[in-house]
Q: 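Sharing a structure below in structure tokens format, with a few things to ask.
Side-chain atoms are counted along with the backbone in the values below, which use heavy atoms only and exclude waters and symmetry mates. In what follows, chains are A, B, ... by sequence order, proteins preceding strands, each numbered from 1.
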There are 2 protein chains.
Amino acid sequence: MPARRKTTGDVSSIDNRIRTNSEWSCLTKTEAELFNQKVLCRVYGVNETVFMEGDPCKGLYFVESGLVGVRKTDIEGQSALVRLAGPGDTLGYRPFLAKQSHRASAEVIEAAKVCFIDAQTARQLLHDNHELGLRFLERTARALGESEDRLFQLAALNVHVRVIHLLVLLHDRWGRSVGDGAVDIEIPLTRHDLASMVGARPETVSRAIRHLENEGLARFRGRNVHIEQFDRLAEELHANLSGLH
Amino acid sequence: MPARRKTTGDVSSIDNRIRTNSEWSCLTKTEAELFNQKVLCRVYGVNETVFMEGDPCKGLYFVESGLVGVRKTDIEGQSALVRLAGPGDTLGYRPFLAKQSHRASAEVIEAAKVCFIDAQTARQLLHDNHELGLRFLERTARALGESEDRLFQLAALNVHVRVIHLLVLLHDRWGRSVGDGAVDIEIPLTRHDLASMVGARPETVSRAIRHLENEGLARFRGRNVHIEQFDRLAEELHANLSGLH
DNA sequence: CGCCAGGTTGATTTCGCTCAAGCAATGTGG
DNA sequence: CCACATTGCTTGAGCGAAATCAACCTGGCG
């Protein structure tokens, strides 16, 4: 096998993506060129669907900007938000790697630029570049651990605590510090979506939110959240988490 | 076959393992020799611990025979059975691949022969053999899908249905057909373990079991289960599952 | 302006947990 | 062999968290 160490030096958003994304940063110049040649980018409007549950997995999607929601839908049309994907996140890698069809839909929440690489090319890169596979292996194994932890928590914690946990997670990824320990989270999620993320009903989440406001732990203004002292929230979470894991 | 081996116990079963186990069947002759040279086998008695939650992951374990339970334990000593591993199953591959420590303990339920390959050797094989990594990738991605499905179900289904689901899963892996659609499941699990597998309390599971008996769907004799018409059970499950996935 | 989806709030019900008692099955020491 | 712990399972009663049902806001928009 030829030596592969140099990565491409071109500067476009895709190259940037390849360089910054831990998984793809190991591509050689040639491989990166193939990637760039094959990648397709598109801007999606709000509520547009990137892929649907049940569809065969045609390739991998990279969110460049905006916000995409991953949902599972049951026959009655009730959808549950499973996770959020923003800039830098990859969509559809689980079905791609498992060689299965999509088990969830991806629906745009905030206008997003999403790039696509077809399965065949992705598989070729995976085949040519050994390191790439090993990186995906580690990422997938970690995701598996997280999923199992979540399972454990769902059974052990009540809604109030799960909502706090969700807020902390949302903060970690989407929070904007507004100085002196205060944080804003601005994600346009309906109460229904919020509820489905913690495995509860909207009414119950509504009450949990009211409770948080009464405690002065968070302030909800429509779909934005302001947390004056994030420490207190994190503390409250840890008090409930200890004795668990 | 040369007789020089560092293993305790006979090696033919290991070769068999390598050949039959989908992940490792791609090893070359040389690699298989390395594997055989490094593998260590041991017989564990009931209640013996293979590895503990929190321990660094020292390698991979293969269950040759017997039954091993994977558990998570909280600080109060309450343990929850997470999964069962029998002949052909691999233990500890998630922490190994994720380069993390064990997040669960493995405890022998029925006297078991377990083989071990150290992390360094396993990683070397993973590095040398490209195909091996890709196979683990697929397996891990599938496991991730299953874990996510389980999450979804825990939130959506009541205990009664979850118990039925567990019985169906146990049947698929451990069931013994006794003719004409009837099935026996003989796994020495306490009610407490059964309960933790479906995220419920023993009392609640006990009541669910009583309910199943009243419906004539299953008969519990101590820790053995007899299902006269497995079809009916599967049917009952699907009636509750449809409208979900 | 009225409409309406999304959000809140209250009343009621249900499910599953907790607590507690009783009951086999098994073990143990005298 | 019996008295008695011990352990795991079942059953009942009560309680609490969250779902369900239903009414009522609220704010954006044609």
Side-chain angles (χ1 to χ4, degrees), chain A residues 46-47 69 71 74 76-81 107 109 152-166 186-214 218-225 240 243-244, chain B residues 46-47 69 71 74 76-81 107 109 152-167 185-215 218-226 240 243-244:
Chain A
V46 173
N47 288 330
R71 325 178 153 276
D74 68 18
E76 288 130 29
Q78 292 288 324
S79 80
L81 195 56
E107 190 187 301
I109 294 176
F152 207 59
Q153 285 185 7
L154 186 59
L157 307 175
N158 62 26
V159 172
H160 181 71
V161 180
R162 299 209 300 272
V163 168
I164 295 179
H165 190 207
L166 177 61
E186 297 174 17
I187 312 181
L189 293 183
T190 65
R191 287 287 183 272
H192 180 268
D193 280 341
L194 227 46
S196 67
M197 288 193 90
V198 298
R201 301 276 115 193
E203 298 96 320
T204 309
V205 170
S206 201
R207 289 182 239 268
I209 284 173
R210 166 137 307 264
H211 196 223
L212 283 178
E213 297 219 318
N214 288 341
R219 221 171 62 230
F220 287 73
R221 284 281 168 78
R223 293 176 185 178
N224 297 331
V225 191
N240 288 286
L244 201 79
Chain B
V46 173
N47 288 330
R71 322 178 157 276
D74 68 18
E76 288 130 29
Q78 291 289 323
S79 80
L81 194 57
E107 190 186 303
I109 295 176
F152 204 60
Q153 285 184 7
L154 185 59
L157 306 176
N158 63 24
V159 172
H160 181 71
V161 181
R162 300 210 299 271
V163 168
I164 295 180
H165 191 210
L166 177 61
L167 285 180
I185 305 174
E186 296 174 20
I187 311 181
L189 292 182
T190 65
R191 287 286 184 272
H192 180 268
D193 279 342
L194 227 45
S196 68
M197 288 195 89
V198 297
R201 301 277 116 194
E203 297 96 321
T204 309
V205 170
S206 201
R207 289 182 239 269
I209 284 173
R210 162 138 305 265
H211 197 222
L212 284 178
E213 297 218 320
N214 288 341
E215 289 177 303
R219 220 174 61 232
F220 287 73
R221 284 284 164 77
R223 293 176 184 177
N224 297 331
V225 191
H226 176 80
N240 289 286
L244 200 80

Q: Between C:dG7 atom C1' and A:Glu213 atom CD, what is the distance in whole Å?
A: 13 Å

Q: Only pairs at least two apart or in different chains count here, so list each ring pair (Phe, Tyr, Trp, His ring centres under 6.0 Å) that has a residue in residues 187-206 of chain A.
A: none

Q: Indicate yes or no: at least one non-hydrogen side-chain atom of B:Leu194 is less than 4.5 angstrom from one of B:Val198.
A: no

Q: Looking at every non-hydrogen atom in both residues, tell me the closest pair between A:Glu107 and A:Asn47 and how far apart they are.
A: OE2-OD1, 3.6 Å

Q: Is B:Arg191 close enough to D:dT7 that one of its side-chain N or O atoms is under 4.0 Å from OP1 or OP2 there?
A: no

Q: Produce a footprint string for nucleotides 25-30 of chain D: one letter per nucleotide, 5' end first; B if the base is under 4.0 Å from any protein heavy atom, S if only the sugar-phosphate is, - if neither.
A: ------

Q: Just the rounded figure in Å: distance from P of D:dT10 to CG of B:Asn214.
A: 13 Å

Q: Please report the C-alpha distance between A:Asp193 and A:Met197 in whole Å, then the side-chain angles of each, then the deciding distance to 0.1 Å, and finally whether the side-chain contact (heavy atoms from CB on, under 4.5 Å) criterion is met.
A: CA-CA 6 Å; A:Asp193 280 341; A:Met197 288 193 90; 5.6 Å; no

Q: Starting from P on D:dG8, measure out to CG on B:Leu81 and report it in whole angstrom.
A: 14 Å

Q: Are any of the side-chain heavy atoms of A:Arg191 and A:Ile209 separated by less than 4.5 Å?
A: yes

Q: Check the distance between C:dT8's P and A:Leu194's CG and give it to me in whole angstrom.
A: 10 Å

Q: So do the side chains of A:His160 and A:Leu212 get within less than 4.5 Å of each other, counting heavy atoms only?
A: yes

Q: Report yes if the side chains of B:Asn240 and B:Asn158 come closer than 4.5 Å at any heavy-atom pair, otherwise no.
A: no

Q: In residues 201-212 of chain B, which ones come under 4.0 Å of DNA chain D, going by heavy atoms?
A: B:Glu203, B:Ser206, B:Arg207, B:Arg210

Q: Which heavy-atom pair separates A:Arg201 from A:Ala195 by the least distance, and what is that distance?
A: C-CB, 3.6 Å

Q: Considering all heavy atoms of both residues, which atom of B:Leu157 and which atom of B:Arg162 are nearest to each other, and what is their separation?
A: O-NH1, 2.7 Å

Q: To the nearest Å, how far apart are A:Arg221 CZ and C:dT8 P?
A: 13 Å

Q: Within this structure, what is the CG-to-C1' distance between A:Asp193 and C:dA5, rounded to whole angstrom?
A: 14 Å

Q: In whole Å, what is the span from the CZ atom of B:Arg223 to the C1' atom of D:dT10?
A: 14 Å

Q: How close or far is atom C1' of C:dG16 from atom CG of B:Leu157, stated in whole angstroms?
A: 15 Å

